[in-house]
Amino acid sequence: MKQYSYFAGGNWHEPASGQWLDSENPALGEAWARIPDCGTEDVDRAVGEAHACFYRGPWGKAQAAERGRLLRRIGDVISANAERLGEIETRDNGKLPQHITPSLTSWLTDSFYYYAGMCDKFEGSLLPSEAPDMLNYLAWKPFGVCALITAWNSPLGVLIWKLAPALAAGNAVVVKPSEYASASTLELMDVLGDADLPDGLINVVTGYGRTAGQALVSHPGVSMVSFTGGIPGGRSIAELAARQVKPVVMELGGKSPQIVLEDADLDLAVNGIVSGIFPVSGQSCISGSRLLVARPLFETFCERLVEVASRARIGDPGDPATQIGPIAHRAHYEKILDDIGQVVEAGGELLLDGRGKGPDRGYYIGPTIFSGVSHDERLAQEEVFGPVAVVIPFDSEDEAVAMANGTVYGLAAGIWSRDVNKAIRMAESIQAGTVYINNYFNATTQSPVGGWKQSGYGRENGIEGMRCFMQTKSVWLATRPSQPDPFPAR
Ligand code: TXE
């Protein structure tokens, strides 16, 4: 078994508790590594190191171009080690190699190059002022130390979307990956040994949300928190951060609708919808799991959907023929099976049952599709975060929009129609941070991602993504200083 340490101040440390947590390989259902069970003392050390790097060390004074050079080095090192990092992520959370390794040499590392380029182009402004003889400029400043709390579904992807803009903005960071999949993040710190980082710039503590995570959020040395995870975790972090009036950015998942209008290209829609949920077993925040289909198309759509989804080869991620890998961890696997069981018990019609599919060992569930569920039932309202879709018919576009907007979430939505004008009109009415028309699942570094409603607030990617890691400072300079006596003697 591989035993990891946690990373702070440029060094590896054993947890003060002397305890480690097992990390499982979900393809086999067995532990393969141990990660430190960090607590307050370890978090204190990590935050202290980040603080020192920013306030006393080189980072707080680093020039913009220097930050850019460092980000480019990080991108180069990740790209050069993509194979190794991808292999660890596959082993630790079951992600298929084709879903991780190529991204580490393309759009995920591009994130570092994109923000590297932005470092020395991020301009403040000179503000028009009504006040006479005053120069008033606005500067963008880093927070200092930011906490980056990440989820298990795409540990490196979720981290990179935070790390690149946080560093570009000039912050030092403490990362807390999920207790279910911390290995690739720790391994990243190992490979970044080649990037010549200042000590304390990036620190990683591992362990549970309620211990390491809470200690990090409530640490007075942390000035801002960026979080990706579920609503309960997000709510608890926001409450904790509010006690110190600490800003939080959060990305909390969704129950994203896919609206198939009567004039949709059916093959395009079915392929797009299947690709938008099942290859990653629904373990993506933007998975489109609520399929709203025009009634005249309903029967044909369901048949095609089942036909395409049932062709998927479910198996070990190490097998190049595999198209769908395991669920990332045991607790989540059991939760998905429980969710499916409850829908069946409540009378939901199973068009495709993914239970019992795939290898006997490990946590496999194939594509699962329900109909006969009304829109106010739990399956249509709550995120399963698994390979489970529900198909619901609609009779009018107004009804489709009302249903699409009828959950607490607002992360993403898909619209499938040959009538682009109609689709655009509908997109305007959808309450979501991202709307796809005749495509799904696209994301680039340039395009801000984030939620409306309970899917979160703040944005990742794009210029917005960098602004979230900065605060403004308005500086006033008197060009003709004169200050009348405020209390002239009579
Ligand atoms: O996430 P958690 P979980 C959704 C999905 C899933 C549900 C729960 O529906 O079924 O969330 O997943 C840390 N203070 N998404 O339980 O608990 C935790 O240790 C500080 C959507 O795995 O939200 C981990 O590092 N930290 C999603 C991280 O938060 C806390 C991706 C996420 O854990 C904390 C994953 C606390 N009080 C799940 N509570 C997406 N948006 O893509 C938890 N953590």
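This one's a predicted model, so the numbers in the text were calculated from it and none came from an experiment. Indexing begins at 1, ligand by ligand and atom by atom, following the structure's order. In this chain, numbering begins with 1 at the start of the sequence shown. Just so it is clear, the values below take in all heavy atoms, side chains as well, and ignore hydrogens, waters and symmetry mates.
At least one protein heavy atom sits closer than 4.0 Å to atom 23 (O) of ligand 1. Proximity of atom 9 (O) of ligand 1 to the protein is indicated by at least one non-hydrogen atom lying closer than 4.0 angstrom. At a distance under 4.0 Å, a protein heavy atom can be found next to atom 29 (O) of ligand 1.
The nearest heavy-atom contact from the protein to atom 17 (O) of ligand 1 is Gly233 CA, 4.9 Å. Looking from atom 42 (O) of ligand 1 to the surrounding protein, the closest heavy atom is Cys285 CB, 2.9 Å. Protein heavy atom in closest approach to atom 38 (C) of ligand 1: Phe385 CE2, 3.9 Å. When only non-hydrogen protein atoms are considered, atom 25 (O) of ligand 1 lies nearest to Thr150 O, 2.8 Å. For atom 18 (C) of ligand 1, the closest non-hydrogen atom of the protein is Glu179 OE1, 3.5 Å. Given atom 44 (N) of ligand 1, the protein heavy atom at minimum distance is Gly209 CA, 3.6 Å. The protein atom (non-hydrogen) at minimum distance from atom 1 (O) of ligand 1 is Gly230 N, 3.9 Å. Counting protein heavy atoms only, atom 35 (C) of ligand 1 is closest to Ala151 CB, 3.4 Å.
The two residues Phe143 and Pro247 make their nearest non-hydrogen contact at CE2-CG, 3.6 Å. The minimum heavy-atom distance linking Val248 with Ala238 is given by the pair CG2-CA, 4.5 Å. Across Trp416 and Gln258, no two heavy atoms sit closer than the pair NE1-OE1, 2.8 Å. Minimum interatomic distance between Ser184 and Pro155 (heavy atoms only, all atoms of both residues): OG-CB, 3.6 Å. In terms of heavy-atom proximity, Asp37 sits nearest to Tyr208 at OD1-CD1, 4.0 Å.
Residue Val217 forms a side chain to side chain contact (heavy atoms under 4.5 Å, CB included) with just one option from Val222, Val43, Ile149, and that option is Ile149. With Glu460 as reference, Ser226 is the one residue of Ser111, Ser447, Ser226 to meet the side chain to side chain contact (heavy atoms under 4.5 Å, CB included) rule. If you run side chain to side chain contact (heavy atoms under 4.5 Å, CB included) between Trp152 and each of Pro177, Ser178, Pro26, only Ser178 comes through.
Residue contacts with ligand 1, taken as heavy atom pairs separated by less than 4.0 Å, do not involve Val158 at all. Looking at Asn153 against ligand 1, only its side chain comes within 4.0 Å, counting heavy atoms. Neither the backbone nor the side chain of Arg210 has a heavy atom within less than 4.0 Å of ligand 1. Residue contacts with ligand 1 for Pro232 are absent, since no atom lies close enough (heavy atoms, distance under 4.0 Å).
Ion pairing between Glu382 and Lys255 fails under the 4.0 Å rule for side-chain N and carboxylate O. Ion pairing of Glu464 with Arg467 is present here, as a side-chain N (NZ or NE/NH1/NH2) and a carboxylate O approach within less than 4.0 Å. A salt bridge is absent between Arg459 and Glu251; no separation between the charged side-chain nitrogens and carboxylate oxygens falls under 4.0 Å.
Within ligand 1, the atoms closer than 4.0 Å to a non-hydrogen atom of Trp152 are 3 (P), 12 (O), 22 (O), numbered from 1 in the order shown. Residue Phe227 has at least one heavy-atom neighbour below 4.0 Å for each of these atoms of ligand 1: 23 (O), 28 (C), 29 (O), 32 (C). Within ligand 1, the atoms closer than 4.0 Å to a non-hydrogen atom of His332 are 10 (O), numbered from 1 in the order shown. Near Ile237, the atoms of ligand 1 lying under 4.0 angstrom from a non-hydrogen atom of the residue are 14 (N), 20 (C), 26 (N), 30 (C), 36 (C). Those atoms of ligand 1 with a heavy atom of Pro177 less than 4.0 angstrom away are 25 (O). Each of the atoms 32 (C), 40 (C), 41 (N), 42 (O) of ligand 1 lies under 4.0 Å from some heavy atom of Thr228. Residue contact check: Gly253 has heavy atoms under 4.0 Å from atoms 41 (N) of ligand 1.
Comparing heavy-atom distances from atom 20 (C) of ligand 1 across Gly451, Ser236, Gly213 singles out Gly213 as nearest.
Looking at Phe227 and Leu252, their side chains come closer than 4.5 Å, going by heavy atoms from C-beta outward.
The distance criterion of under 3.5 Å between nitrogen or oxygen atoms is met by Glu251 with respect to ligand 1. Considering backbone and side-chain atoms together, Gly229 places an N or O closer than 3.5 Å to an N or O of ligand 1. On a distance-only criterion, Lys176 and ligand 1 share at least one N/O pair closer than 3.5 Å.
For Trp59 and Phe54, the ring centers sit 6.0 Å or farther from each other.
Using a non-hydrogen distance threshold of 4.0 Å, Gln283 does not register as a contact of ligand 1.
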| task | Apply the test side chain to side chain donor-acceptor pair (under 3.5 Å) to residues Asp338 and Gln342: give CA-CA distance (whole Å), side-chain angles for both, the deciding distance (0.1 Å), then the verdict. | result | CA-CA 6 Å; Asp338 190 50; Gln342 285 188 32; 3.2 Å; yes
| request: Kindly determine whether Ser223 and Lys246 satisfy side chain to side chain donor-acceptor pair (under 3.5 Å), including the steps that lead there. | output: CA-CA 6 Å; Ser223 300; Lys246 197 176 281 188; over 6 Å; no
| request: Check the pair Lys453 / Gln431 against side chain to side chain donor-acceptor pair (under 3.5 Å), numbers first and verdict last. | output: CA-CA 8 Å; Lys453 304 195 284 186; Gln431 298 162 351; 2.9 Å; yes
